[in-house]
Amino acid sequence: MATPIETKLKDSVAAAGLALVLSIPFIGLHTISTDQGLVVESRWSWVAWAVGLVFIGRLLLGFARDALAARAASRPKKQAKPVVAGAPTLAARLTRAFMVAALLFAVTLPFMPYSDRYIIDLGTTVLIYILLALGLNVTVGLAGLLDLGFVAFYAIGAYSFALLSKFFGLDFWVCLPLSGLIAALFGAVLSLPILRLRGDYLAIVTLGFGEITRIVILNWQGLTGGPNGVSGIPRPGLFGLSFDRRPPEGMGSFHEVTGISFSGEHRLMFLYLIVLALVCLAVWVINRLRALPVGRAWEALREDEIACRSLGINPTASKVSAYAIGGMMGGFAGCFFAARQGFVSPESFGFIESALILAIVVLGGMGSQVGVVIAALFIVMLPELGREFADYRMIVFGLAMITIMVWRPGGLLSTRVPTVKLDQKGA
Amino acid sequence: MSEPLLNVTGLTMRFGGLVAVDGVNLSADTGRITALIGPNGAGKTTIFNCLTGFYKPTSGELSLAHPTRGKVSLQTLPGYQVARHGVVRTFQNIRLFPRMTVLENLLVAQHVGLMQKSVLGIAGLLGLKGWRTAQKEAIERARFWINRLDLAAVANEEAGNLSYGMQRRVEIARAMNTDPLLLCLDEPAAGLNPRETAALGELLQGIRAEFGIGILLIEHDMTLVMGISDHIHVVEYGRKIAEGTPAQIRTDERVIKAYLGEPDEEELPPVVAADIADVAGEGDRV
Amino acid sequence: MDASALGTFLQYLINGITLGAIYGLIAIGYTMVYGIIRMINFAHGEIYMIGAFVAVTTFSLLSALGIVAVPLALLLVLLVSIFFTAAYGWTVERVAYRPLRGAPKLAPLISAIGMSIFLQNYVMQTQGSRPKPLAPVMNGGISLWQGDGFTLSISYIQLFIIVLTFALMYGFTQLINRTALGRAQRACEQDRTMAGLLGINVDRTISLTFVMGAALAAVAGVLVTMYYGVIDFYIGFLAGMKAFTAAVLGGIGSLPGAMLGGLLIGLIEAFFTGYISGAYKDVASFSVLIAVLVFRPTGLLGRPDIEKV
């Protein structure tokens, strides 16, 4: 229904008025430290801009809404819910097609002529977040257990590798499974005290775990090096071959053995391919698990814990396994992160990371793996695209999170693909 | 007479100062439909919750004569273990897994057996043969119940999208997929129309005849209860006030006074009586 | 226990109560919002941070204008900060949460996290990322007890914080328990649809809840600015988290619970810092929280939540 233009104007004036009030203390006035203490300075022209922008923006929003509503009204009403048994198959097919296309693109990316260091590096970052989000997706998306402290597993994975290599000289390929196992163990142990908690209590306690982990790492100087972190983490090699120009003692080097001339990019490409393989493995394992009793029990737990108990499912076991598997993925991601950076410090594992990972899961539409991939691309790329506005990109990022949620509260992809189908033979 | 499948003695449940169930004795046996009736708030659902492991009774003995494990005291088991011993329930306000398909709902019910076959998921992850066979069998078992309850057309639909009557059926099918000894139904006819209720009655009798399991039923629909029950227990204010066959209950003065209120209700045409019962059922659910 | 040990203990106690009072004020915002719309207003910590920044600007402005009489300046700062912060609180609800009522449970939480990121960076960009030092507003204190080698003292500012907080708490409880607004609020907590049917303007009630929560957070912001004398754009996160912990500890949804939780968190922090280690003080508060939730999942004063089958 279209609102009359007067209403729109009135709304816009109200919004502009509010913008005026809100902008006075922050945009209009700001304090500057001087020798005489804080001095207040004004910039009223900024306020005028802000108010003007809000006025126009609100007006445009009003028209945009009308246009959308008109379009929706003119379109023939779609069937509320297609009862045709073929419909879910379409979703499944599209999912598969997207996954294949994405995989093809991802595998070929590092070998493309336009791929420079920056693109490969960015791709690696995106893949790390996909891996993290896939892990969190197990806990939040599948099992329905809110976790605001997922970064703890990431940190534990990273420090496991850093410390194992520092104290025992273990290399990446040994530490990768170990990091995953250690993180899974932490997940299982941490999940025990919180089994009885639900919803928001779970949120705050997991948040607490995340912070405790960070604080302990920050302060346990003897083990973790405290705020200075751990450096000199060995880079992963390929079957004992190093990607360094001068390989460490006892290692061959990739460029000498293969005869390909040395390039620093090879290591980046190699790292990229490692994390890509990890992501593929995670996608495969999780898809497989969903169709197994373990995974089905997770989803059932998300849907109705009481019904689960009435069917003989042990909710404790389900919860513990969900945290453990999710944590394990986080641990892998952490181990890889440490290998890529060659350095870890507590700074990388703040709450904002947990929030980002959770945002990816929820934006993607909880439980959906394709959604996770798309949302991870979006969340990691958005701040990158805004590089010219580097200062403002986090502002835009916050706004974008709000906008997307308001626009699509269920996440970008909220259709669930069933794990198994009954063919209609003899029915 | 041998020990019945389920024998409850002296079941008492207190919430703070409130005594919801007070020294109730009842029994249910294989191959029989036992009904538990009583006015709203009489404590029927509380009895169910104690039986099926959701509440720990304050006192009392819930003894299950398990065919292979011998005598089991249900009240000593952790909640989820009760179902693993064959006592499975449905809920007054339907608890399906709404975003999972009907088929998936039934497969979740086979969790315990499948979990063993998948060797904690490892065999399943690797796609070993034993697991694949087990999975096929599970799907076939689900298919049996899907067809039996006339759900084939919606087998791949999300359970939450189904009509109320269908959801009721899915819940019963799901319970049956756990392979129970005793099926406990909490107001399965609530919200159903008379035709659906009649079909439910036939279904339950069919299950009893074909599988020889015990059925314990809480129900307000007197037509259904009187029509299919072998034995009826009546509770009021947490106490059992009568038990017996439908014929005995129908003429029991205390029951008529406490529950049926007006003695001539049974003489109403069955449809009207069912409607009255339906209204009672609705009121209970809100 | 010798006199000096006792003195130290009492000093920590005073410090803890001061800190706890501030946490309590912020916690009320969390608890009220949770009570009425069952969501964690993750951006509430930033609202408190905004209150603190408005306070700094206003203090600076007043001193530039030559208004230095402490009571007058304080009153003005409180009013100005409450006004602007409440406006922010109202807007946050209107923009980020209201469109999401009835949406899946996690949607508002993500929206709130987005709001929190936005506000933090907005303040950082407009006010600068460096800490803002403020000249002390209130000096001196009362020395309560002079022993050999130590003094037990309470500064005027601590006294002010404690007295103001408890006065506000009292007034606020009265407001909720006695007025039509409070009744409307409690009605919405119980059953929003029914409240709406009975003629309560639910939207307005929820908005007012945010406004009130923000107003109290603003007071907390002013007090913290005066107490520590330095703020930055990042203070909202940790304070918000502690205050939320306090709200959960006390039993979320309960006003006295929020205050009690705040005090406990303040005390735990003060004593832990004093006797054991400053570095791990946050670990201590969280551990207590986890312990409480494990053994009493509804918090200290929360209503027990019987599982409905």
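Throughout, protein chains are lettered first and strands after them, A, B, ... in sequence-line order, and every chain is numbered starting at 1.
Put simply, of A:Arg302, A:Arg296, A:Glu299, the one with the most heavy-atom pairs under 4.5 Å next to chain B is A:Arg296. For the options B:Pro98, B:Pro78, B:Ala109, heavy-atom pairs under 4.5 Å to chain A are most numerous at B:Pro98. Contacts with chain A were tallied for B:Leu107, B:Ile139, B:Val88; B:Leu107 has the most, counting heavy-atom pairs under 4.5 Å. Taking chain A as the reference chain and counting heavy-atom pairs below 4.5 Å, the highest number among B:Arg99, B:Arg84, B:Gln81 is found for B:Arg99.
Both the backbone and the side chain of B:Val108 come within less than 4.5 Å of a heavy atom of chain A. For B:Gln135, the part lying under 4.5 angstrom from a heavy atom of chain A is the side chain only. Contacts of B:Leu114 with chain A are made by both backbone and side-chain atoms, with heavy-atom separations under 4.5 Å. At a 4.5 Å heavy-atom cutoff, the contact between B:Ile146 and chain A is made by side-chain atoms alone.
Using a 4.5 Å heavy-atom threshold, the side chains of B:Leu62 and B:Leu51 count as touching. Looking at heavy atoms from C-beta onward, A:Leu136 lies in side-chain contact with A:Leu358 at the 4.5 angstrom threshold.
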Could you go through A:Thr206 and A:Leu146, starting from their C-alpha distance and side-chain angles, then the distance that decides it, and tell me whether this counts as side chain to side chain contact (heavy atoms under 4.5 Å, CB included)? CA-CA 8 Å; A:Thr206 49; A:Leu146 191 50; 5.7 Å; no
Hey, mind stepping through B:Thr52 and A:Ser310 against side chain to side chain contact (heavy atoms under 4.5 Å, CB included) and telling me if it holds? CA-CA 7 Å; B:Thr52 50; A:Ser310 82; over 6 Å; no
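The ring of A:Phe153 has its center no closer than 6.0 angstrom to the ring center of A:Tyr323.
In terms of modelled atom types and a separation under 3.5 Å, the side chain of B:Glu187 and the main chain of B:Gln92 share no donor-acceptor contact.
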